[in-house]
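Chain letters run A, B, ... following the sequence lines, proteins first, then strands; residues in each count from 1. The basis for the numbers below is simple: all heavy atoms, side chains too, and nothing from hydrogens, waters or symmetry mates. Predicted model, so just to flag it, every value in this text is computed and none were measured.
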2 protein chains.
Amino acid sequence: MSEANQKPTDNQPVPKAVVNRLSLYLRELQHLVSEGSETISSGALGQRLGCSDAQVRKDLAYFGQFGYPGIGYRCAELVDAIRKILGTQFVWPVVMVGVGNLGRALLGYKGFAKQGFHIVAALDSNRSVVGTTVEDVHVDHIDELDRVMKEKRVRLAMIAVPAPAAQQVADRMVRAGVEGIVNFAPVTISIPDHVSLIGVDLAIELEQIAFAVVNRNHTR
Amino acid sequence: MSEANQKPTDNQPVPKAVVNRLSLYLRELQHLVSEGSETISSGALGQRLGCSDAQVRKDLAYFGQFGYPGIGYRCAELVDAIRKILGTQFVWPVVMVGVGNLGRALLGYKGFAKQGFHIVAALDSNRSVVGTTVEDVHVDHIDELDRVMKEKRVRLAMIAVPAPAAQQVADRMVRAGVEGIVNFAPVTISIPDHVSLIGVDLAIELEQIAFAVVNRNHTR
DNA sequence: ACATGTGAAAAAATTCACAGCA
DNA sequence: TGCTGTGAATTTTTTCACATGT
């Protein structure tokens, strides 16, 4: 029957872990669509991702009814539904602050565009990169942050500056009205409650794997 | 009174989320040490990271007793203890497969070394980069994977190849005896149970922020 | 007085299991 | 028959609250 509410059925809070899996479902479903699959069952989808059929169904149930009993889910339809839920049915303009090693790589990463994010500007404090174009993105001075964000209607930003500069960059973003930040600097930053924040620390991922390897049987 | 078991007190399984927070505690404690702080309480540490005092204490309690009633935790001592727990008190040699955009950036990222990971070799299938040196790391052909891993006693690997190649790279790594993989390719890969795997998808992080911004009040 | 470590209680997430629909 | 959606049961994680150590 597939009735798509893009908002939770009530106003139940949605656990972060559920939203995270939603992104995984989306990525997998996009593969399936590109391979020509019409439909998939919760069990088959779960198996590909290493979770249970019940979990797939429960996760989706937070947002509506998308499946067809006896059939499963129509891949293309569910892709659209999840993009609506995540808010990526339209393209988001994003700014990148920090055009060092990591910033450059992120600017060149094609995966963002594929999922509906367009990096419309890069900013840095280093005068030697300001004015250049990196991976087709023009680099402005950090002082232009406010202007650029307003001109381009930017709501999301990424931070890829050295750790000591991250907090002040975040502060500037907040003043410029940013609504969400992905922080790649290896430091905890604090921002007001009304701004969303995710920290991604590449070294931490390696630490997690090291732990898992050393304590192979103690982790779940 | 600071009795450091590097293994869980019993054989209780340790939740993944706990280990993840351990890495955050470590990073924060390293900052504190470099700022000259001697001790910190569970409450103060939790506040910096956005979690409760009880959570900090419970997390650490999985591994032993590290605190001093009335005092808190000695920062330097706890840094050492957590590194022991995570298994990063010694340097891990790591290989990187894929020397494209993202691979290059990761090779140049200084944060790995700081946390005890040394990238000892990079590998790629593209003959035009094989034999070059990127960020002081020599690039070998992917066919050398087995030899390099054995020569350098490598147990951990990172994947930064295009999505379609990721699974076969993982398979090769498994055959070469890898024990843990961090996969930066935006695709689900499957590996035998005895190998640990973490997937990091940069676009997914942006999706999570987009969702949080759109549904500001439904997430927890 | 201050702050840990930890059982007990509460809350949250996952899994089970089954009614109901195609 | 095959598979969804969902209450109920179970398991896991977090929070509470306090006895204990300094």
I need the CG-P distance between A/Asn20 and C/dT14, as an integer number of Å. 11 Å
Here the distance between atom C1' of D/dC3 and atom CG of A/Leu78, to the nearest Å, is 15 Å
Residue pair A/Ser52/B/Leu60 against DNA chain C: nearer the 5' end by closest nucleotide is B/Leu60
It should be established whether B/Arg21 places a side-chain nitrogen or oxygen under 4.0 Å from OP1 or OP2 of nucleotide D/dT14. yes
The side chain to side chain contact (heavy atoms under 4.5 Å, CB included) partner of B/Arg57 among B/Asp59, B/Asp53, B/Leu60 is B/Asp53
Grab the OH-C1' distance between B/Tyr73 and D/dT22 for me, whole Å please. 15 Å
Among D/dT15, C/dA13, C/dA3, the one nearest B/Ser41 by side-chain distance: C/dA3
Calculate the interatomic distance between B/Phe63 atom CZ and C/dT4 atom P; express it in whole Å. 18 Å
Would you say CD of A/Gln167 has more than 12 non-hydrogen atoms from neighbouring residues, nucleotides or ligands within 6.0 angstrom? yes
Taking only Lys NZ, Arg NE, NH1 and NH2, and the carboxylate oxygens of Asp or Glu, determine whether B/Asp171 and B/Arg175 approach each other closer than 4.0 Å. no
Closest non-hydrogen atoms of A/Leu106 and A/Phe112, given as atom of the first, atom of the second and distance, are O-CE1, 3.4 Å
I need the CG-C1' distance between A/Leu22 and C/dA13, as an integer number of Å. 16 Å
Has the side chain of B/Lys58 got a donor or acceptor that lies under 3.5 Å from a partner of the other kind on the base of D/dT13? no
In whole Å, what is the span from the CD atom of A/Gln47 to the P atom of C/dT15? 14 Å
Selection from D/dT13, C/dT14, C/dT4 that lies nearest to any side-chain heavy atom of A/Gln55: C/dT14
Please confirm whether the shortest side-chain N or O distance from B/Arg57 to OP1 or OP2 of C/dG5 is below 4.0 Å. no
Just N and O in the side chain of A/Tyr62: are any of them under 4.0 Å from OP1 or OP2 of D/dT6? no
N/O (side chain, B/Ser42) to phosphate O (OP1/OP2, C/dA3) under 4.0 Å: no
What is the distance, rounded to the nearest whole Å, between atom NZ of A/Lys16 and atom P of D/dT13? 17 Å
How many whole angstroms separate atom CG of B/Asp53 from atom P of D/dT15? 10 Å
Contacts of B/His118 that satisfy side chain to side chain contact (heavy atoms under 4.5 Å, CB included) - sequence neighbours left out: B/Val91, B/Val120
Crowded around B/Gln30 CD? As in, over 12 foreign heavy atoms under 6.0 Å? yes
Is the distance from OP1 or OP2 of D/dT6 to the nearest side-chain N or O of A/Gln65 less than 4.0 Å? yes
Keeping the roles fixed (side chain from B/Asn183, backbone from B/Val187), state whether a donor-acceptor pair exists under 3.5 Å. yes
Please produce a list of atom pairs where a protein N or O lies less than 3.5 Å from an N or O of nucleotides 19-22 of chain C.
unit_1, atom_1, unit_2, atom_2, d
C/dA22, O4', A/Pro69, O, 3.3

